[in-house]
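Note that this is a predicted model, so its numbers are computed, not measured.
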Protein chains: 2
Amino acid sequence: MTKMNRESRFRDFLSTKGLKYTPERGIILSAILSIKGHFLVEDLYAHIRQSEQGISLATVYRTIPLLLEGGVVREVPSPQGKVAYEQILGNEHHDHLLCTSCGKVIDFKDDLIEKRQDAVCDSHGFEPQGHQMVIKGYCRACASKNK
Amino acid sequence: MTKMNRESRFRDFLSTKGLKYTPERGIILSAILSIKGHFLVEDLYAHIRQSEQGISLATVYRTIPLLLEGGVVREVPSPQGKVAYEQILGNEHHDHLLCTSCGKVIDFKDDLIEKRQDAVCDSHGFEPQGHQMVIKGYCRACASKNK
DNA sequence: ATAGCAATTGAGAATCAATCGCAATTGGAG
DNA sequence: CTCCAATTGCGATTGATTCTCAATTGCTAT
Ligand SMILES: [Mn+2]
Ligand SMILES: [Mn+2]
Ligand SMILES: [Zn+2]
Ligand SMILES: [Zn+2]
């Protein structure tokens, strides 16, 4: 999927909702595509600023709901209280182990769990859009250290 | 488990950490025991105020980490961005379906998922303390409405 | 009991992410 | 090209949570 391609997808999404594809939204989208891995709003804004193109922080905040709804990014759990995001394309879904001692984050994916989640949704007539699962505890290093 | 019993447990927990069991902490603990189900900090504070005993909101905030660490309450996902809690005793662990349209929260528990979670932790040498899992989507009512 | 001291508290100030208000601008359908 | 709803910047504002600090108080060791 090329960058142009993603832009036109986002453009289409906006168009469908009667919204405009503005230069600011283009800049934000480009910044996101240039970030690999998790990022906070402040990270995103830093990327935008250093790319010489200055736009308002308020605009970044206003754009995030569109990026979520447009399927450009998803929320991911973060060690602190802040909300983190990652671009969806190129980042396969996964869940997290979070060490409460050292802050380490371990990604994992378990197909059986994913299947059961769907089954649970079915049994409740619930139409899932996505999920987040975080297991907190001690990583191997911290567990042995505490012993 | 009686109320007295829970108080002395909390008292022991504090003692072990060189902390004091103050009247304020007693009031907060009582208020929590009187709430069944999820609650926000503002809910807790409202309970405390209406029980004629006035303590500072700052004290409530300062006490929450102790309640978490002492195993009195746990965090639960909440519809908005706010953090919600529930007392652990009498509330068996469960996970949640969260309707992004109407805010409805549906509890569920799936033993197979719980088992697999443990297996995943094992395979990473991870020592779990607890977990949270939220599936966001549309509840039955909202799903049919949107169709 | 009593003394001593670290822990705790209240009240308000301070933070800080996120949202808002509004006047000026602009994308894009027709 | 016109026109208008959508958008933006920027400063003000909100709202939850944390912090400051002087005054208090629980607890442990005499
Ligand atoms: Mn998953
Ligand atoms: Mn569970
Ligand atoms: Zn660790
Ligand atoms: Zn619903």
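In this structure, of dT17(D), dA18(C), dT8(D), it is dT17(D) that holds the atom nearest to the side chain of Y61(B). Among the nucleotides dG10(C), dT8(D), dT17(D), the one closest to the side chain of L57(B) is dT17(D). The side chain of R25(B) sits closest to dT9(C) out of dA18(C), dT9(C), dA17(C). Distance from the side chain of A58(B) is smallest to dG12(C) among dG9(D), dG12(C), dG27(C).
Scanning residues 9-22 of chain B for heavy-atom distances under 4.0 Å to DNA chain C yields G18(B), L19(B), K20(B), T22(B).
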Verdict with supporting geometry, Q129(A) and T100(B), side chain to side chain donor-acceptor pair (under 3.5 Å):
CA-CA 9 Å; Q129(A) 298 174 298; T100(B) 56; 3.0 Å; yes
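Applying the salt bridge (charged side-chain N to carboxylate O under 4.0 Å, His left out) test to K17(B) and every residue at least two apart in sequence or in another chain returns E69(B).
Remark: R62(B) is not in phosphate contact with dT8(C), judged by side-chain N or O atoms under 4.0 Å from OP1 or OP2. Of the side-chain N and O atoms in T59(A), one or more sit less than 4.0 angstrom from OP1 or OP2 of dG9(D).
We find that CD1 of I55(B) is positioned 15 Å from P of dT25(D), with the value rounded to whole Å. Regarding E75(B), its CD atom lies at a distance of 10 Å from the P atom of dT17(D), rounded to whole Å. dT14(D) atom C1' lies 14 Å from atom CD of E42(B), rounded to whole Å. Between the CD1 atom of I27(A) and the P atom of dG27(C) there is a distance of 12 Å, given to the nearest Å. Summarising the geometry, the separation between CZ on F39(A) and C1' on dA17(C) is reported as 16 Å, rounded to the nearest angstrom. Taking atom CD1 of I64(A) as the reference point, atom C1' of dT19(C) lies 13 Å away to the nearest angstrom. A straight line from CG of L66(B) to P of dG26(D) spans 17 Å, rounded to a whole angstrom. Rounded to a whole Å, the CG atom of L40(A) is 14 Å from the C1' atom of dA18(C).
Rotation axes derived from the C1' atoms of the five outermost pairs at either end of the helix from dA1(C)-dT30(D) to dG30(C)-dC1(D) lie 50° apart, to the nearest 10°.
A salt bridge links D111(A) and K109(A); the closest N-O separation between the charged side-chain nitrogens and carboxylate oxygens is under 4.0 Å. With salt bridges taken as basic N to acidic carboxylate O contacts below 4.0 Å, one links K82(B) and E42(B).
D43(A) places a side-chain N or O within 3.5 Å of a backbone atom of L40(A) that can act as its donor or acceptor partner.
Enclosure of atom CZ in R9(B) is not indicated, since only 12 or fewer non-hydrogen atoms of other residues, nucleotides or ligands lie within 6.0 angstrom.
Using a 30° and 60° split on the angle between ring planes, H94(B) and H96(B) fall in the perpendicular class, above 60°.
If P23(B) and K82(B) are placed on DNA chain D by their nearest nucleotide, the residue sitting closer to the 5' end is K82(B). Nucleotides of DNA chain D nearest to E24(A) and V83(B) differ in position, and the one nearer the 5' end is that of E24(A).
Side-chain contact between H93(B) and D95(B): present, with at least one pair of heavy atoms (C-beta onward) separated by less than 4.5 Å.
Considering S8(A), S30(A), S34(A) as possible partners of K3(A), the one that fulfils the side chain to side chain donor-acceptor pair (under 3.5 Å) test is S30(A).
No side-chain N or O of R74(A) forms a donor-acceptor pair with one of Q132(A) less than 3.5 Å apart.
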